[in-house]
Undergrad: 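For reference, the structure I am asking about is given below.
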Amino acid sequence: MLTWRTSTRNGDGLLKEIDMSLRAEQHSKAINDDLNYLSLKCGFGTDRYQFGATGAKTATEIISENSDMYRMIKKHEILLEDALRQLIQIIIRLGMILGNTLNPECEITIDFDDSIIEDKETERSRDRQDVSMGVMSLAEYRAKWYGESEEDAAKNLPEQNQVME
C-alpha cells in the first residue's frame, strides 16, 4: 500500500512516498549475493554458502557443484606439499646438527585428507566390496584404512585370514 503525504516541516510542500511493505526477498537476495562474493574471494567458488538454504547434499553433489572450490583446494595442496617437504627436511637437518641420528634421504609422504570433498564412507564400502570379490586383499584393505604398511597389515590379520607360506 502506498500513501502520500506532503512535507510540512520545512514548508517545501513536496510529496513524499511512504512504503511500509517488507522487501524480504530483495534482502535475502542481497545477502546471498554478498555471501557468493565472499566465498568466491576466499577461493570456495560461488554458491558455497546460502542464506536460508535447507536440505543435506551428498559428497558427489558437493564436488560437482563446487568444482571451483575443489580446484582451488588441489592448487593449495600442491603449494603446501612442497612447503611442508622443505620444512620437514629443515627439521631433519636441524636434528642432525643437534646430534640425533636421522636419515636426510628418508621418504616423506604427505597425504591430504579430502574427507570434506570426498565421501570416505562410500569409498570404504567400495573397498569392502572389492575385498569380498577378491579384487583387493585384506592386507591391502587394512593398510589403506588403518594406516599400516602392507607387511604390518599382513601380520595383524586374524589367523584364519592369513595365507600360509
Side-chain angles (χ1 to χ4, degrees), residues 25-163 165:
E25 186 176 320
Q26 291 92 342
H27 289 295
S28 293
K29 184 183 178 324
I31 290 171
N32 280 325
D33 288 345
D34 288 342
L35 287 171
N36 284 337
Y37 182 68
L38 175 66
S39 67
L40 182 67
K41 286 297 192 180
C42 292
F44 297 143
T46 57
D47 297 323
R48 172 73 176 151
Y49 302 104
Q50 296 251 333
F51 176 71
T54 58
K57 294 184 179 183
T58 64
T60 307
E61 288 176 315
I62 291 171
I63 291 170
S64 64
E65 289 180 3
N66 295 314
S67 60
D68 292 339
M69 182 178 76
Y70 188 75
R71 284 194 307 269
M72 183 65 68
I73 287 172
K74 292 301 175 188
K75 287 179 187 175
H76 287 172
E77 284 178 0
I78 291 168
L79 296 172
L80 279 174
E81 184 172 7
D82 186 45
L84 289 172
R85 283 184 194 281
Q86 290 178 13
L87 181 62
I88 291 168
Q89 289 171 348
I90 290 169
I91 292 170
I92 289 171
R93 287 193 298 264
L94 180 61
M96 290 170 58
I97 291 171
L98 294 175
N100 296 313
T101 55
L102 301 172
N103 180 7
E105 302 300 322
C106 68
E107 180 183 343
I108 299 171
T109 304
I110 299 172
D111 185 23
F112 291 101
D113 181 18
D114 292 335
S115 60
I116 294 173
I117 301 298
E118 297 172 358
D119 187 7
K120 293 292 183 189
E121 283 305 313
T122 303
E123 186 180 350
R124 192 169 188 160
S125 175
R126 192 171 44 243
D127 285 349
R128 284 184 188 134
Q129 289 175 346
D130 288 347
V131 169
S132 67
M133 291 185 326
V135 177
M136 177 187 266
S137 71
L138 284 170
E140 287 176 299
Y141 177 85
R142 187 171 176 96
K144 180 176 181 180
W145 290 105
Y146 294 97
E148 300 171 335
S149 69
E150 284 200 39
E151 296 81 28
D152 290 340
K155 290 177 190 173
N156 293 331
L157 286 175
E159 288 183 26
Q160 71 270 16
N161 293 325
Q162 291 183 355
V163 177
E165 294 181 17

Undergrad: Does Asn100 use its side chain to pair, donor to acceptor, with the backbone of Leu102 at less than 3.5 Å?
TA: no

Undergrad: In Å, rounded to the nearest 0.5 Å, how long is the span from CG of Leu157 to NZ of Lys155?
TA: 12.0 Å

Undergrad: Show me, pair by pair, the donor-acceptor contacts under 3.5 angstrom made by side chains of residues 82-93, not counting sequence neighbours?
TA:
from, atom 1, to, atom 2, distance (Å)
Asp82, OD2, Gln86, NE2, 3.3
Arg85, NH1, Ile108, O, 2.5
Arg85, NH2, Glu81, OE2, 2.8

Undergrad: Which heavy-atom pair separates Arg124 from Trp145 by the least distance, and what is that distance?
TA: CA-CZ2, 3.4 Å

Undergrad: With Asp111, which residues qualify under side-chain contact (heavy atoms from CB on, under 4.5 Å), at least two apart?
TA: none

Undergrad: With sequence neighbours left out, write down each residue that passes side-chain contact (heavy atoms from CB on, under 4.5 Å) with Ser149, or none if nothing qualifies.
TA: Glu151, Asp152

Undergrad: Which donor-acceptor pairs under 3.5 Å do side chains of residues 128-136 form with protein atoms, sequence neighbours excluded?
TA:
from, atom 1, to, atom 2, distance (Å)
Arg128, NE, Tyr141, OH, 3.2
Ser132, OG, Gln129, O, 2.8

Undergrad: Which heavy-atom pair separates Ala153 from Ala139 by the least distance, and what is that distance?
TA: CB-O, 3.4 Å

Undergrad: Does a sphere of radius 6.0 Å around CD in Gln26 hold more than 12 heavy atoms from other residues, nucleotides or ligands, not counting ones at 6.0 Å or beyond?
TA: yes

Undergrad: Asp33: what forms a side chain to side chain donor-acceptor pair (under 3.5 Å) with it, not counting sequence neighbours?
TA: Lys29

Undergrad: Could you give all pairs that pass the salt bridge (Lys or Arg N to Asp or Glu O under 4.0 Å) test and reach residues 131-149, with sequence neighbours left out?
TA: Glu123-Lys144, Asp127-Lys144, Arg142-Glu148

